[in-house]
Amino acid sequence: MYTLPELPYAYDALEPYIDTRTMTVHHDKHHATYVKNLNDALAPIGSELAGLFEGTPVEELLKKLDDVPEAVRTKVKNNAGGHANHSLFWTIMSPVKSAPTGKLLEALNTAFGSPEKFQEVFSTAALNRFGSGWVWLVLDGGKLAIMDTPNQDSPVSVGATSILTLDVWEHAYYLKYQNMRADYITAWWNVVNWTEVARRFTTAS
Ligand code: MN
């Protein structure tokens with residue numbers, strides 16, 4: 001059984017950039033539903049594949065989608081992705097102001113020229129992601145790169161390691177920003193938890 005992790009801060013902690021109502025609905029309804037649907041999808045195959053998925057961290061499950069019976073594979077992919085992506089998303093945000101430093105700063109300079117340039121390219125990718133999906137900073141083959149994925153697809157499934165991510169589904173911003181995704185993206189940079197991003201980068205390097 002997969003379980004919904006608690007937010008690492010209060011629902012109103014990211015105000016005014018991410019509003020309380022969005023955080024509440026996003027975590028308690030959207031994320032909770034992915035967890036429930038993932039458990040529901042795996043339940044019928046539990047005994048058939050006993051031990052294969054029991055206790056498997058959700059990121060590991062996303063690397064083993066080929067082992068999931070075809071009848072439930074799409075449902076597992078979408079909902080395991082939804083669970084993993086949101087679990088990561090909460091942790092890479094914080095009300096505490098931070099900035100890239102150390103090895104992460106060096107790597108951003110090498111890959112993109114500067115943190116500002118990285119932010120610009122990432123924001124453009126987020127704005128241009130058509131429809132629902134996510135934008136990512138990943139470590140792929142030892143190098144930092146920007147990726148975007150549709151729906152709840154995860155870079156983990158294609159062998160990359162996710163370092164930072166932004167949810168650009170409308171449910172992530174519509175209550176406060178309506179159709180103005182660009183304003184949401186601009187606001188979001190104020191709550192990026194660079195300390196956690198740096199920790200993830202170090203672990204993955
Ligand atoms: Mn979402």
Side-chain angles (χ1 to χ4, degrees), residues 1-42 57-59 61-63 65 74-95 119 122-138 146-158 160-194 196-197 200:
M1 286 281 283
Y2 292 93
T3 53
L4 179 67
E6 279 186 35
L7 287 180
Y9 35 74
Y11 290 98
D12 63 355
L14 306 182
E15 291 271 12
Y17 307 109
I18 313 285
D19 60 293
T20 307
R21 198 161 155 245
T22 296
M23 287 301 294
T24 305
V25 174
H26 202 174
H27 177 271
D28 293 6
K29 305 291 182 192
H30 289 279
H31 188 174
T33 301
Y34 291 119
V35 174
K36 181 187 182 301
N37 289 347
L38 174 58
N39 288 326
D40 287 352
L42 288 171
V58 70
E59 291 80 13
L61 180 61
L62 287 169
K63 293 176 190 170
L65 289 172
T74 300
K75 193 172 179 189
V76 169
K77 179 178 92 158
N78 289 339
N79 291 290
H83 178 31
N85 297 348
H86 288 93
S87 295
L88 169 61
F89 187 50
W90 311 134
T91 67
I92 57 79
M93 295 190 288
S94 167
Q119 200 166 312
F122 187 100
S123 295
T124 300
L127 198 57
N128 291 344
R129 168 74 248 165
F130 186 77
S132 297
W134 295 74
V135 181
W136 307 83
L137 174 67
V138 298
I146 291 170
M147 273 181 77
D148 66 287
T149 57
N151 305 316
Q152 294 295 352
D153 290 6
S154 165
V156 169
S157 295
V158 293
T161 305
S162 48
I163 305 291
L164 170 68
T165 192
L166 173 59
D167 189 345
V168 292
W169 282 58
E170 281 189 343
H171 70 225
Y173 61 88
Y174 204 85
L175 291 176
K176 182 176 173 78
Y177 296 98
Q178 289 80 50
N179 60 319
M180 293 171 290
R181 186 189 284 187
D183 292 353
Y184 160 66
I185 296 165
T186 301
W188 174 75
W189 289 110
N190 290 287
V191 295
V192 171
N193 181 351
W194 287 105
E196 174 61 12
V197 175
R200 292 184 63 83

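In what follows, residues are counted from 1 in the order of the sequence shown. Note: hydrogens, waters and symmetry copies are ignored here, and every other heavy atom, side chains too, is used. Atoms within each ligand, like the ligands themselves, are counted from 1 in listed order.
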* **Every N, O or S from the protein that is nearer than 2.8 Å to the Mn ion (ligand 1)** => His26 NE2, His86 NE2, Asp167 OD2, His171 NE2
* Apply salt bridge (Lys or Arg N to Asp or Glu O under 4.0 Å) to the pair Lys176 and Asp19, showing each step before the final yes or no. => CA-CA 7 Å; Lys176 182 176 173 78; Asp19 60 293; 5.7 Å; no
* Could I get the full list of ring-ring contact (aromatic ring centres under 6.0 Å, His included) partners for Phe122, not counting sequence neighbours? => Phe118, Trp188, Trp189
* To do: Scan Thr20, Asp28, Thr24 and name whichever one has a side chain to side chain donor-acceptor pair (under 3.5 Å) with Tyr11.
  => Asp28
* **Trp90 and His31: side chain donor to acceptor below 3.5 Å** => yes
* Structure fact -> Taking every heavy atom of Arg129 against every heavy atom of Asp148, the minimum-distance pair comes out as NH1-OD2, 2.9 Å
* Taking atom types as modelled, is there a side-chain donor on Tyr34 or Asn85 under 3.5 Å from an acceptor on the other? -> no
